[in-house]
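In what follows, a structure is listed as structure tokens, so that the remarks can point back to it.
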Amino acid sequence: MFATAIIVFREVLEAALIVSIVLAASKGVAGRGRWVSGGVVLGVLGACVVAAFAGAISSAVQGAGQELLNATILLLAVLMLGWHNVWMSKHGRALAGQMSAVGHDVASGRKPLSVLLIVCAVAVVREGSEVVLFTYAIAAGGAGAKLMLAGGGLGLAAGVGAGALLYKGLLRIPTRYLFSVTGWLILLLAAGMAADAAGFLVQAGWLPAIIPAVWNTSAVLTEHSIVGRVLHILIGYTQRPSAIQVMFYVATIAAILSLSRWVNRPRPQAMRRAAAEG
Amino acid sequence: MIIVKDVTNPYVSRLPRRLMRMIHAFALWTRRSLLAAGLLFGFAMIASAAPPYHIVIQGNQFHPAELPLPAGRKVKVVVKNEDTAPAEFESYDLNIEKVIPGHTRTTLYVGPLSAGKYHFFNDFHQAAKGRFVVK
């Protein structure tokens, strides 16, 4: 029963941490609750569909269907998280300012809330489909299935609980700093996902690993441990990354940071005006 | 009407030339990376032409639990799940994570690896463990 609980917990934890970071990062945005929960519901439905067609997906594209699906899902999430960060770098300060003001009728109807929906949905689809398959494996096992399903429920509750804890913790951060903290969290989250996606593309044979293991820190911190697992989710810790994974990681950070800088660049008119004013 | 060209604004005069230079650089880069991708694809085809290695999952266990592989080359490993329950072939050492539904088979590409032991397990049934021994 506890073995089951731990397996389900690990899968749920990943989705729960991502959803809680997204929730904290969008604090004060009107209507975000609806979009985020919509994303989770869509994700659960999607997970069931993916699990139901696991066989077909697995054998698609010469047996690389699963890796390609995973890589696509992850890269979509990276794109959305990157977009969110670039948007926040432009509007975050105003948002934080409005929140500390009394009537925070957030003027961010322009904020692409669908981004939140997609990020949550994808996070849930990927991990959820494994939970569904695993639960199916238990149910098919017959003996002791009820006890093990109870374990699965326990794992689910614990994973959601951990996500809620992270969310509560993040909200204790003063509003002034909240968005820069969530900005960095999302940056690293996206970079880690990009590295994971690169791993799947290597596995599918679509990308070369270049160097199979740039370093090996399995002796220091193994991904089997809960700390290793959490760090893998949050900052993309990998005990034995390939060179292409490191490249994806660095490139994602560089791309998001430089895009954020670019949208905030001083405009020529503003520069000229500043020069004229001396 | 006299049209005065705003020569004091550097963005007006420099932008097109800079843009063209960027486009040229991008085109060159695209051509180079396409060539590189083509070469890599060729190598991948050569690698996949070698006969695959086989692992069978049966009774929640890997057979064989220890598979010797050659070092320094990319190999194809076919994992067949003969159980009804789905399995997830996972390896932290190799960054592999792949669901194998019951009564199906899947193909993994491993390496090129340096000599050593590379552990893997069934994430849905963690008592099932195995390793590649690369020599």
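Atom set for the values below is all heavy atoms of this structure, side chains included, hydrogens, waters and symmetry mates excluded. Computed from a prediction, not measured in an experiment: that's the story for all the values here. First the proteins, then the strands, lettered A, B, ... as listed; each starts at 1.
Closest of all the heavy-atom pairs between B/P112 and A/P212 is O-CG, 2.7 Å. Scanning both residues, B/E97 and A/F200, for their nearest heavy atoms gives O-CE2, 3.5 Å.
Taking chain A as the reference chain and counting heavy-atom pairs below 4.5 Å, the highest number among B/V110, B/V99, B/T107 is found for B/V99. Among the candidates B/T106, B/T104, B/I96, the residue making the largest number of heavy-atom pairs closer than 4.5 Å to chain A is B/I96.
If you measure heavy-atom distances from A/A213 to chain B, you find no contacts under 4.5 Å at all. For A/L133, the parts sitting under 4.5 Å from any heavy atom of chain B are the backbone and the side chain alike. In this structure, chain B has heavy atoms under 4.5 Å from both the backbone and the side chain of A/A54. Both the backbone and the side chain of B/D123 come within less than 4.5 Å of a heavy atom of chain A. The contact between A/E11 and chain B is made entirely by side chain atoms (from C-beta outward), counting heavy-atom distances below 4.5 Å.
Considering OG1 of A/T135 and CZ of B/F124, their distance stands at 8.5 Å, rounded to 0.5 Å. In this structure, the separation between CD on A/E67 and NZ on B/K98 is 3.5 Å, given to the nearest 0.5 Å. Remark: B/E90 CD to A/H224 NE2 distance equals 8.0 Å, nearest 0.5 Å. How far CG of B/D93 is from CG of A/N216: 7.0 Å, rounded to the nearest 0.5 Å.
Below 4.5 Å, heavy atoms of chain B meet heavy atoms from A/R229, A/T238, A/Q239, A/R240, A/P241, A/S242, A/Q245, all part of residues 227-245 of chain A.
A/Q203 places no side-chain N or O within donor-acceptor distance of the main-chain N or O of B/L108, the cut-off being under 3.5 Å.
The neighbour count for A/F53 CZ, taken as heavy atoms of other residues, nucleotides or ligands under 6.0 Å away, does not exceed 12.
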